[in-house]
Amino acid sequence: MSAVSEQEDTSHAEPRKGLSPRKKQRISRSVQYAVLVAVLVVLVALADWKAIGESFLNLDVARKGLPDLFTVALRNTVIYTLSGFALGFVLGLVLALMRLSTVAPYRWLSTIYIEIFRGLPILLIFLMIGSLPLAFPGFELPGGVYGSAALGLGVVSAAYMAENFRAGIQAVPKGQMEAARSLGMPHMRAMVSIVIPQAIRIVLPPLTNQLVMLLKDSSLVLILGVTAAQVELAKFGNDQSSTYANPTPILATGLTYLLITIPLGYVARRLEARQGAGR
């Protein structure tokens, strides 16, 4: 009888429960937050804030770079970036159409170009552009440094944009082209009027990211040998830092870059979200 009652008590006993996955996740997250706060507290306690203020937040040194930081360095950076983007946009679209062409030599040329310029560092491209007068004596690119910067940034960005455009064109439903052709529209006109505009809307997010990359790559224009009037943000900050023996101008230059890249990144994310919601 006692054995039976003992068995009944065991059967009615509640099984031991461990921590649920949600509680484990909360504990893990709390530990991570605690470690992060501890690290920040240690860094704040160990930092020499007076030295940081004098070295990186020296307002007197920062003022000496104004207004040239915006009127010269930022202006040149924007010019280099936009001119390179414009060339890359046009050339990239042509390369994408060649890549999708039924003519084999066009596809071969486009593929070779894309593979070469996606594989070469942009620094090397600028060095090659700077050496062009050695191969072609007396040859000068229109615009001087501005033309050389546009060429260097453009030929590299074109290789990446070409793949973006190709993917965008292929993402447009084939029925669009078939409907246009059924109405008697020539292939090229249908491509230019119907397919390419839709493809550009599709690839706007990666194109915006490409613009951000070009903005940062424009710092390599200094390889071409720029004057004080042609200086871009990175070189301007470095020159100012060397002149005043203080890194505050470098920090100011970085913040100026962020004033452009952060809004552009936000725009790219919004475009991606809008496209995702529309699917």
Side-chain angles (χ1 to χ4, degrees), residues 77-122 125 147 149-218 258-279:
T77 297
V78 172
I79 292 174
Y80 296 144
T81 302
L82 293 182
S83 59
F85 184 83
L87 177 60
F89 186 96
V90 175
L91 183 56
L93 184 56
V94 172
L95 289 169
L97 294 175
M98 291 174 62
R99 189 80 182 267
L100 296 171
S101 174
T102 56
V103 182
Y106 288 167
R107 295 198 306 271
W108 300 337
L109 289 173
S110 176
T111 301
I112 292 172
Y113 179 99
I114 292 171
E115 293 302 322
I116 289 177
F117 284 96
R118 283 200 307 176
L120 292 176
I122 193 169
I125 299 298
L151 179 62
L153 295 172
V155 296
V156 174
S157 62
Y160 292 93
M161 290 190 195
E163 290 298 274
N164 291 331
F165 284 131
R166 180 176 66 87
I169 291 172
Q170 291 179 328
V172 176
K174 293 182 178 180
Q176 301 280 337
M177 175 62 76
E178 294 173 354
R181 295 302 302 274
S182 66
L183 295 175
M185 189 176 295
H187 181 273
M188 184 53 65
R189 183 181 174 186
M191 182 68 70
V192 173
S193 302
I194 297 176
V195 177
I196 290 179
Q198 295 183 66
I200 291 176
R201 285 196 293 270
I202 292 172
V203 301
L204 273 179
L207 288 183
T208 306
N209 291 327
Q210 184 64 37
L211 182 61
V212 173
M213 294 298 297
L214 279 181
L215 179 72
K216 294 184 288 185
D217 287 340
S218 66
L258 293 178
L259 288 175
I260 303 175
T261 57
I262 290 178
L264 285 177
Y266 174 78
V267 170
R269 290 192 298 271
R270 292 288 296 174
L271 290 173
E272 289 175 354
R274 182 178 297 181
Q275 287 187 1
R279 292 172 183 171

side-chain contact (heavy atoms from CB on, under 4.5 Å) partners of [X], counting only residues at least two apart:
{"X": "Gln176", "value": "Val172, Pro173, Ile194, Gln198"}
{"X": "Ile262", "value": "Leu258"}
{"X": "Ser193", "value": "Arg189"}
{"X": "Tyr113", "value": "Leu91, Leu95, Phe117, Val155, Ala158, Ala159"}

Rounded to the nearest 0.5 Å, what separation is found between the [atom1] atom of [X] and the [atom2] atom of [Y]?
{"X": "Leu100", "Y": "Ile169", "atom1": "CG", "atom2": "CD1", "result": "5.5 Å"}
{"X": "Leu214", "Y": "Leu153", "atom1": "CG", "atom2": "CG", "result": "5.5 Å"}
{"X": "Thr261", "Y": "Leu211", "atom1": "OG1", "atom2": "CG", "result": "10.5 Å"}
{"X": "Thr111", "Y": "Tyr106", "atom1": "OG1", "atom2": "OH", "result": "14.5 Å"}
{"X": "Leu259", "Y": "Leu264", "atom1": "CG", "atom2": "CG", "result": "11.0 Å"}
{"X": "Ile122", "Y": "Met213", "atom1": "CD1", "atom2": "CE", "result": "9.0 Å"}

Query raised in the report: Considering residues at least two apart in sequence or located in another chain, which fulfil the side chain to side chain donor-acceptor pair (under 3.5 Å) criterion with Glu178?
Result: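 Glu178 satisfies side chain to side chain donor-acceptor pair (under 3.5 Å) with no residue once adjacent residues are dropped.
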
Query raised in the report: Between Ser101 (side chain) and Met98 (backbone), is there a donor-acceptor pair under 3.5 Å?
Result: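 Between the backbone of Met98 and the side chain of Ser101 there is no qualifying donor-acceptor contact (under 3.5 Å).
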
**Report entry** Pairs satisfying salt bridge (Lys or Arg N to Asp or Glu O under 4.0 Å), at least one member in residues 83-112, at least two apart
**Finding:**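 Non-adjacent pairs meeting salt bridge (Lys or Arg N to Asp or Glu O under 4.0 Å): Arg99-Glu163.
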
**Report entry** Pairs where residues 207-217 contributes a residue and the test salt bridge (Lys or Arg N to Asp or Glu O under 4.0 Å) is met, not counting sequence neighbours
**Finding:**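 Counting only pairs at least two positions apart or across chains, no salt bridge (Lys or Arg N to Asp or Glu O under 4.0 Å) contact touches residues 207-217.
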
Report all side-chain donor-acceptor pairs from residues 199-210 shorter than 3.5 Å, counting only partners two or more places apart or in another chain.
| from | atom 1 | to | atom 2 | distance (Å) |
| --- | --- | --- | --- | --- |
| Thr208 | OG1 | Leu204 | O | 2.8 |
| Asn209 | ND2 | Pro205 | O | 3.4 |

Query - Over 12 non-hydrogen atoms of neighbours within 6.0 angstrom of CZ in Arg118 - result: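 Correct, the count exceeds 12.
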
Query raised in the report: Should the heavy atoms of other residues, nucleotides or ligands under 6.0 Å from CE of Met177 be counted, would the total exceed 12?
Result: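 Above 12, so yes.
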
Result block: side-chain N/O donor-acceptor pairs under 3.5 angstrom for residues 77-88, not counting sequence neighbours:
| from | atom 1 | to | atom 2 | distance (Å) |
| --- | --- | --- | --- | --- |
| Thr77 | OG1 | Ala73 | O | 2.9 |
| Thr77 | OG1 | Leu233 | N | 3.0 |
| Tyr80 | OH | Gln230 | O | 2.6 |
| Thr81 | OG1 | Thr77 | O | 2.7 |
| Ser83 | OG | Ile79 | O | 2.8 |
| Ser83 | OG | Tyr80 | O | 3.1 |

Query raised in the report: Could you give all pairs that pass the ring-ring contact (aromatic ring centres under 6.0 Å, His included) test and reach residues 151-171, with sequence neighbours left out?
Result: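 For residues 151-171: Phe89-Phe165.
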
